[in-house]
2 protein chains.
Amino acid sequence: MNIGDVARQSGVPPKTIRYYEDIGLIRPNLSENGYRAFTESHIHKLAFLGRARALGFTIEDCRTLLSLYEDENRESMQVKAVAEDHLRQIEEKIAKLQSMRATLAELVEKCAGDHRPDCPIIEDLSPERLAK
Amino acid sequence: MNIGDVARQSGVPPKTIRYYEDIGLIRPNLSENGYRAFTESHIHKLAFLGRARALGFTIEDCRTLLSLYEDENRESMQVKAVAEDHLRQIEEKIAKLQSMRATLAELVEKCAGDHRPDCPIIEDLSPERLAK
DNA sequence: ATGAGGCTTCCAGTTACTGGAGGGTCAATG
DNA sequence: CATTGACCCTCCAGTAACTGGAAGCCTCAT
């Protein structure tokens, strides 16, 4: 199967598939004409990767998860560890963003948004000592 | 003032200050010995940038905000527009992350995390058609 | 004058792709 | 049989915002 078909069936764009090959996530065969030749198994792996990426796992996490996916003797605790770690990082990001949102929302609300220059947003960003 | 002092007073590391100069956010003078020479005003701008970055504004947003900061004739609606836009993007990011978190939390909870290979996380990532 | 610490420039690496140039391959059509 | 359009290939560069490191001046205190 050619890369275009695989892209359609896995949901992973051709460019990305080539990139995944570059970094060693998948290893398609080469056919005589120089085209990559993919199998069903490649489609599965790519779809797997697509979902893992959609859940925000890093490429390195994906590498680990893919090897666990292929490993009949994996222990679910290995998978769980990766996922829990990722979950923690997502929660940290959410916390950071929520704190930003809180500050921003407050500032935006306080800002008149008219034609005058006075602006609580600018003031908040300015070093207070200027007020001296 | 040398870059080290400015870094300490503004909270922006020397490397980053040089980078900000590179991309035209600040313009320190050059002293005879080839060192950058900063003024109070540079410290203020850098502190401003540091805060804006901490609120997640992009460098391009910072460029805009900095010019508004320096513009006595700014209209607060200009500032507000930038902030509102940024706020919207943050909210989008939060939404995406929360959806990831929900899925991940559910999967993590369902995973036994023991020595057996069965794992709801891997199953969720796997293309279902394999089940056929 | 020597050594520590600060300053300089420049190059490379980070994350995960994405776009584009330049150029072969294939299947179908005229 | 030539051409056309849709594929495919490789390689290079760019994205965001820094950060680390090498190689080499400058300055001040001993």
Side-chain angles (χ1 to χ4, degrees), chain A residues 1-39 42 45-46 48-66 85-86 89-90 92-93 96-97 100, chain B residues 1-38 42 45-46 48-66 82 85-86 89-90 92-93 96-97 100:
Chain A
M1 221 176 320
N2 285 346
I3 202 169
D5 303 313
V6 176
R8 249 164 269 123
Q9 289 184 54
S10 68
V12 179
K15 277 271 184 186
T16 305
I17 297 178
R18 294 196 193 99
Y19 172 68
Y20 286 171
E21 182 186 357
D22 257 18
I23 62 174
L25 282 181
I26 51 163
R27 305 201 175 286
N29 296 319
L30 265 208
S31 40
E32 297 175 0
N33 58 13
Y35 288 14
R36 287 169 183 79
F38 297 87
T39 64
H42 290 120
K45 286 187 200 175
L46 285 166
F48 181 94
L49 289 169
R51 287 162 194 246
R53 292 289 298 126
L55 281 183
F57 285 103
T58 66
I59 289 287
E60 283 318 303
D61 283 346
C62 287
R63 200 185 294 279
T64 305
L65 291 173
L66 195 55
D85 214 76
H86 180 45
Q89 290 180 31
I90 283 184
E92 274 174 33
K93 275 189 201 170
K96 240 180 220 168
L97 287 170
M100 286 180 192
Chain B
M1 221 176 320
N2 284 347
I3 201 168
D5 303 312
V6 176
R8 249 164 269 122
Q9 289 184 54
S10 67
V12 179
K15 276 273 185 186
T16 304
I17 297 178
R18 293 195 194 98
Y19 172 68
Y20 286 171
E21 182 185 357
D22 257 17
I23 62 174
L25 281 181
I26 49 164
R27 305 200 175 286
N29 296 318
L30 266 208
S31 40
E32 297 175 1
N33 58 13
Y35 288 14
R36 287 169 182 79
F38 298 86
H42 290 120
K45 287 187 201 174
L46 285 166
F48 181 95
L49 289 169
R51 286 162 195 247
R53 292 290 298 127
L55 281 182
F57 286 103
T58 66
I59 290 287
E60 283 319 302
D61 282 347
C62 288
R63 201 186 292 281
T64 305
L65 291 172
L66 196 55
V82 174
D85 213 78
H86 180 45
Q89 290 181 30
I90 283 185
E92 275 174 32
K93 275 191 201 170
K96 237 180 223 169
L97 287 170
M100 287 180 191

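Throughout, protein chains are lettered first and strands after them, A, B, ... in sequence-line order, and every chain is numbered starting at 1.
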Is any side-chain nitrogen or oxygen of [X] closer than 4.0 Å to OP1 or OP2 of [N]?
X	N	result
B/T58	D/dA16	no
A/R36	D/dC8	no
B/Y19	D/dA16	no
B/T16	D/dA17	no
A/N33	C/dC26	yes
B/R53	D/dC18	yes

Task: Salt-bridge contact A/R63-A/E60 (side-chain N to carboxylate O under 4.0 Å) - done: yes

Given atom [atom1] of [X] and atom [atom2] of [N], what is their separation to the nearest angstrom?
X	N	atom1	atom2	value
A/R18	D/dC7	CZ	P	13 Å
B/I17	C/dC7	CD1	P	9 Å
B/N2	C/dT8	CG	C1'	11 Å
A/N29	D/dC8	CG	P	17 Å
B/L30	C/dT8	CG	C1'	10 Å
B/F38	C/dC7	CZ	P	9 Å
B/M1	C/dG6	CE	P	17 Å
A/E32	D/dC8	CD	P	18 Å

Task: Upstream residue (5' side of DNA chain C) when A/K15 and B/R8 are each assigned their closest nucleotide - done: B/R8

TODO: Please assess B/F38 against B/I3 for the test side-chain contact (heavy atoms from CB on, under 4.5 Å), listing each intermediate value before the final yes or no.
DONE: CA-CA 7 Å; B/F38 298 86; B/I3 201 168; 3.8 Å; yes

Task: Interatomic distance, B/Y19 atom OH to B/L25 atom CG [nearest 0.5 angstrom] - done: 8.0 Å

- [ ] Look at the side chain of B/Y35 and decide which nucleotide, out of C/dT8, D/dT19, C/dT18, has an atom nearest to it.
- [x] C/dT8

Open item on the list: What's A/Y20 touching, base or sugar-phosphate or nothing? Going by heavy atoms closer than 4.0 Å.
Closed with: sugar-phosphate

Task: Stepwise side-chain contact (heavy atoms from CB on, under 4.5 Å) check, B/M1 with B/H42 - done: CA-CA 10 Å; B/M1 221 176 320; B/H42 290 120; over 6 Å; no

Open item on the list: Test side-chain contact (heavy atoms from CB on, under 4.5 Å) on A/F57 and A/T64; report intermediate values, then the result.
Closed with: CA-CA 10 Å; A/F57 285 103; A/T64 305; over 6 Å; no

